[in-house]
Amino acid sequence: MQQKIRFQIEGMTCQACASRIEKVLNKKDFVESAGVNFASEEAQVTFDDSKTSVADIAKIIEKTGYGAKEKTEDTLPQPEAEHHIGWRLWLLFAINIPFLIGMAGMMIGRYDWMIPPVWQFVLASIVQLWLAIPFYKSAWASIKGGLANMDVLVTIGTVSIYLYSVYMLFFSPHAAHGMAHVYFEVGVMVIGFVSLGKFLEHRTKKSSLNSLSLLLKLTPTQVNVQRDGEWQQLPIDQVQIGDLIRANHGERIAADGIIESGSGWADESHLTGESNPEEKKAGGKVLAGALMTEGSVAYRATQLGSQTLLGDMMNALSEAQGSKAPIARVADKAAAVFVPTVVGIALLTFITTWLVKGDWTVALMHAVAVLVIACPCALGLATPAAIMVGMGKAVKHGIWFKDAAAMEEAAHVDAVVLDKTGTLTEGRPQVAAVYCVPDSGFDEDALYRIAAAVEQNAAHPLARAIVSAAQARDLDIPAAQNAQTIVGAGITAEVEGVGLVKAGKAEFAELTLPKFSDGVWDIASIVAVSVDNKPIGAFALADALKADTAEAIGRLKKHNIDVYIMSGDNQGTVEYVAKQLGIAHAFGNMSPRDKAAEVQKLKAAGKTVAMVGDGINDAPALAAANVSFAMKGGADVAEHTASATLMQHSVNQLADALLVSQATLKNIKQNLFFAFFYNILGIPLAALGFLNPVIAGAAMAASSVSVLGNALRLKRVKID
């Protein structure tokens with residue numbers, strides 16, 4: 001049986017490390033697929049659990065030289081520890097200071113600012129023989145695994161320059177006369193710059209890139225719980241399902257639950273993307289992570305930890321961020337051959353420069369510069385860094401992508417297929433128009449009062465819609481007696497002060513409707529009303545458009561995305577809705593099979609199709625589309641089939657999803673261009689001697705941080 005498992009990987013230093021783990025795992029016959037994300041430091045493995053176990057796969061990863069810790073959905077992601085500069089980096093900084101001063105002096109002709117060669121040797125030896133050991137371990141583990149990583153380049157370069165300088169200082173013919181040319185500062189400063197770059201890269205990946213760190217802060221660490229009739233302050237891990245918890249103004253909800261007392265307003269934008277607070281009162285639901293902006297509530301915990309909607313979202317985000325987008329294959333292929341190619345270029349540079357210049361010292365410096373300037377990390381981070389930020393931005397808008405591939409595909413969408421009921425419309429009837437019979441003696445308010453008096457005795461959705469509309473007008477609804485339902489026709493009742501009232505079909509109330517210019521009467525459900533067998537008016541009830549639907553359609557059309565409505569409702573109703581929204585393509589009377597077939601036709605015509613739906617009947621079309629979106633809380637099969645989930649039942653969120661995806665893909669392409677351009681430009685410059693190893697080391701460290709910085713720009717991109 002196929003099983004999917006995720007591991008947190010420890011010890012990776014660049015994309016080559018991730019590629020090596022993938023290569024080892026994918027060679028196993030019991031592994032169907034394995035992907036390793038360098039940015040999130042996560043591996044996702046699909047395997048045959050009848051042939052191996054999770055523990056065995058972890059051991060395989062550990063044999064390649066990395067730590068592997070299983071991640072499950074039973075526990076929430078854990079907050080990252082603070083990333084402080086450790087003693088090793090501080091010591092490297094301290095050792096670099098005299099070399100920095102010396103190099104600054106040489107730039108202005110003050111060679112006496114550099115410390116004596118023997119002291120250079122002592123400080124360089126501390127770095128090369130002690131502080132650089134993590135580089136050596138990583139490089140050796142990488143070579144043993146069959147794929148060389150960035151640390152191999154750094155190790156070869158710095159060890160070469162260190163050994164050269166030791167030879168020149170102690171064994172060369174010039175050493176006795178104090179004329180030896182040594183370059184201890186090169187190795188020291190390269191190790192220093194690269195170590196700083198790694199620290200900044202790691203801190204950015206673990207904090208700024210990853211939205212999980214922000215979500216983790218939404219759950220309070222201490223909560224007010226009622227135990228033995230008294231309120232007590234307890235740690236969150238001691239709360240149990242069934243506990244009564246209190247949340248006051250300014251506090252966050254600790255668990256999903258049902259309110260037993262109190263009232264207020266809660267901000268649930270972390271889950272839904274909706275910025276307006278929700279009113280909370282007894283009998284209503286609260287969601288973990290919500291902020292009480294007003295009031296105070298006591299609620300009974302029904303779900304805790306990973307079982308809450310917040311926990312589900314955090315696990316979904318963690319898994320999605322750890323997945324790989326198809327475009328990442330470009331960087332993966334380049335990274336797989338990157339280090340051996342760079343070593344070959346460095347060797348060729350050394351030989352060519354020695355032959356041309358006749359100076360093997362110069363040749364060595366050029367070769368080391370080539371080794372140090374090369375950066376596979378920037379390539380490895382280009383795609384996953386942008387995906388991590390893009391996924392986090394999508395979640396803030398209430399959009400949950402299942403994986404990176406879905407987000408990438410969404411960026412290419414140029415056709416959107418929408419179901420009508422529950423997607424474009426509210427999914428429940430509302431009063432769309434009112435007709436009062438001239439000279440009947442009853443105005444619109446009176447019509448509402450009389451109809452509601454009778455309809456409050458019925459359970460039909462149309463009856464409830466009329467009663468709700470009357471209540472919304474703050475009308476006094478009179479009492480009704482002797483209510484009788486006539487199956488298939490309507491309902492009658494005696495209304496106090498009015499008489500015998502009938503409400504139902506037009507013929508039941510003996511009403512002949514005139515010809516209306518408003519097309520809603522042609523597609524709506526009609527409820528006519530009569531008093532003492534004299535018709536007084538009628539209501540047209542239709543499934544009203546959602547408040548933001550027109551705006552959402554406008555946004556899609558603005559970005560050259562074609563919009564199609566496909567619904568099981570009759571063609572007239574669908575065309576009426578399409579006309580209201582300015583949608584040119586409207587299909588009614590469609591079965592689930594018809595919808596799926598039409599989606600296939602659009603794809604065959606060269607369209608990249610997104611389908612949006614929330615019902616069981618939408619599942620075939622959702623599966624047929626290039627990328628699909630289900631509404632949260634809709635049919636389980638729709639959510640399971642879809643590529644992403646929209647937390648609000650809003651087409652505006654669909655527009656957000658497509659635009660966030662477009663911005664993310666654009667950012668990925670920028671990152672890939674920068675990473676390739678950096679190496680294509682930097683390596684030749686280093687080979688020709690325009691960059692010394694120290695500058696090359698600083699540039700290499702800056703390249704990864706620059707890619708991460710560009711990815712972080714996604715957080716500020718406006719989605720309109």
Trainee: If only atom types and distance count, is the side chain of R252 paired as donor or acceptor with the main-chain N or O of G289 below 3.5 Å?
Mentor: yes
Trainee: Give the intermediate values and the outcome of side chain to side chain contact (heavy atoms under 4.5 Å, CB included) for residues V36 and F7.
Mentor: CA-CA 9 Å; V36 182; F7 294 97; over 6 Å; no
Trainee: Is any side-chain heavy atom of L712 less than 4.5 Å from a side-chain heavy atom of V389?
Mentor: yes
Trainee: Check whether K715 reaches the backbone of G392 with its side chain - one donor and one acceptor, N or O, closer than 3.5 Å.
Mentor: no
Trainee: Does any part of the side chain of R88, heavy atoms only, come nearer than 4.5 Å to the side chain of P134, both counted from C-beta?
Mentor: yes
Trainee: Main chain of E408, side chain of S661: is a donor-acceptor contact present, judged purely on distance under 3.5 Å?
Mentor: no
Trainee: According to the salt bridge (Lys or Arg N to Asp or Glu O under 4.0 Å) rule, which pairs have a member within residues 224-243, sequence neighbours left out?
Mentor: R227-D243
Trainee: Return the OG1 to CD distance between T221 and Q233, rounded to the nearest 0.5 Å.
Mentor: 8.5 Å
Trainee: Could you check if a side-chain atom of N37 sits within less than 4.5 angstrom of a side-chain atom of I387, using non-hydrogen atoms only?
Mentor: no
Trainee: Show the numbers, then the answer: is there a side chain to side chain contact (heavy atoms under 4.5 Å, CB included) between I5 and E70?
Mentor: CA-CA 7 Å; I5 191 68; E70 180 185 356; 3.2 Å; yes
Trainee: Does a side chain donor of either E10 or Q8 reach within less than 3.5 Å of an acceptor in the other side chain?
Mentor: no
Trainee: How close do I21 and M12 get, heavy atom to heavy atom, and via which atoms?
Mentor: CD1-SD, 4.1 Å
Trainee: Using a 3.5 Å distance criterion without hydrogens, assess whether the side chain of H249 forms a donor-acceptor pair with backbone atoms of T293.
Mentor: yes
Trainee: Any side-chain heavy atom of E409 sitting closer than 4.5 Å to one from T608?
Mentor: yes
Trainee: Taking atom CD of E551 and atom CZ of R555, what is their separation to the nearest 0.5 Å?
Mentor: 6.5 Å
Trainee: Is R6 close to E42 at the side-chain level, that is, under 4.5 Å between some pair of heavy atoms?
Mentor: yes
Trainee: Could you check D56, L25, I57 and say which one makes a side-chain contact (heavy atoms from CB on, under 4.5 Å) with F47?
Mentor: I57
Trainee: Nearest 0.5 Å, what's the OG1-CD1 distance between T219 and I253?
Mentor: 11.0 Å
Trainee: What are the two closest non-hydrogen atoms of K285 and E268, and how far apart are they?
Mentor: O-OE2, 4.5 Å
Trainee: Which is it for Q471 and V467 under the side chain to side chain contact (heavy atoms under 4.5 Å, CB included) test, yes or no, and what are the steps along the way?
Mentor: CA-CA 6 Å; Q471 291 172 340; V467 174; 3.7 Å; yes
Trainee: In Å and rounded to the nearest 0.5 Å, what is the CG to CD distance from L658 to Q653?
Mentor: 12.0 Å
Trainee: Hey, what do you get for CG (L287) to NZ (K280), rounding to the nearest 0.5 Å?
Mentor: 5.5 Å
Trainee: Is there a side-chain contact between T645 and I399, using heavy atoms and a 4.5 Å cut-off?
Mentor: no
Trainee: Where do I236 and P220 come nearest, in terms of heavy atoms and distance?
Mentor: CB-O, 3.5 Å
Trainee: Would you kindly say whether D548 and S650 are connected by a side-chain donor-acceptor distance under 3.5 Å?
Mentor: yes
Trainee: Taking atom types as modelled, is there a side-chain donor on Q670 or R713 under 3.5 Å from an acceptor on the other?
Mentor: yes
Trainee: Let me have the donor-acceptor pairs involving side chains of residues 298-305, under 3.5 Å, with sequence neighbours excluded, atom names and distances please.
Mentor:
{"from": "Y299", "atom 1": "OH", "to": "A254", "atom 2": "N", "distance (Å)": "2.8"}
{"from": "R300", "atom 1": "NE", "to": "E260", "atom 2": "OE2", "distance (Å)": "2.9"}
{"from": "R300", "atom 1": "NH1", "to": "G242", "atom 2": "O", "distance (Å)": "3.0"}
{"from": "R300", "atom 1": "NH2", "to": "E260", "atom 2": "OE1", "distance (Å)": "3.1"}
{"from": "R300", "atom 1": "NH2", "to": "E260", "atom 2": "OE2", "distance (Å)": "3.2"}
{"from": "T302", "atom 1": "OG1", "to": "D256", "atom 2": "O", "distance (Å)": "3.0"}

Trainee: Please check if the number of heavy atoms outside H559 that lie under 6.0 Å from its NE2 is greater than 12.
Mentor: yes
Trainee: Quick one: does E251's side chain have a donor or acceptor within less than 3.5 Å of a partner on N248's backbone?
Mentor: yes
Trainee: For the side chain of D543 and the backbone of R428, is there at least one donor-acceptor N/O pair under 3.5 Å apart?
Mentor: yes
Trainee: Would you say that F629 contacts F401 through its side chain, given a criterion of any heavy-atom pair below 4.5 Å between the two side chains?
Mentor: yes
Trainee: Do T664 and N667 meet the criterion of a side-chain donor-acceptor pair at a distance under 3.5 Å?
Mentor: no
Trainee: Locate the shortest heavy-atom distance separating A544 from Q430; write the atom from each residue and the value.
Mentor: CB-OE1, 3.5 Å
Trainee: Going by heavy atoms in the side chains, are T549 and L581 under 4.5 Å from each other?
Mentor: yes
Trainee: State, to 0.1 Å, how close M611 and A625 come at their nearest heavy-atom pair, and which atoms those are.
Mentor: CB-CB, 3.7 Å
Trainee: Can you name the nearest heavy-atom pair linking V651 to A552, along with the distance?
Mentor: C-CB, 3.6 Å
Trainee: Can you measure from NZ (K4) to OG1 (T46) and round to the nearest 0.5 angstrom?
Mentor: 5.5 Å
Trainee: Does the side chain to side chain contact (heavy atoms under 4.5 Å, CB included) test come out yes or no for L665 and H412, once each step is laid out?
Mentor: CA-CA 9 Å; L665 184 61; H412 299 292; 3.5 Å; yes
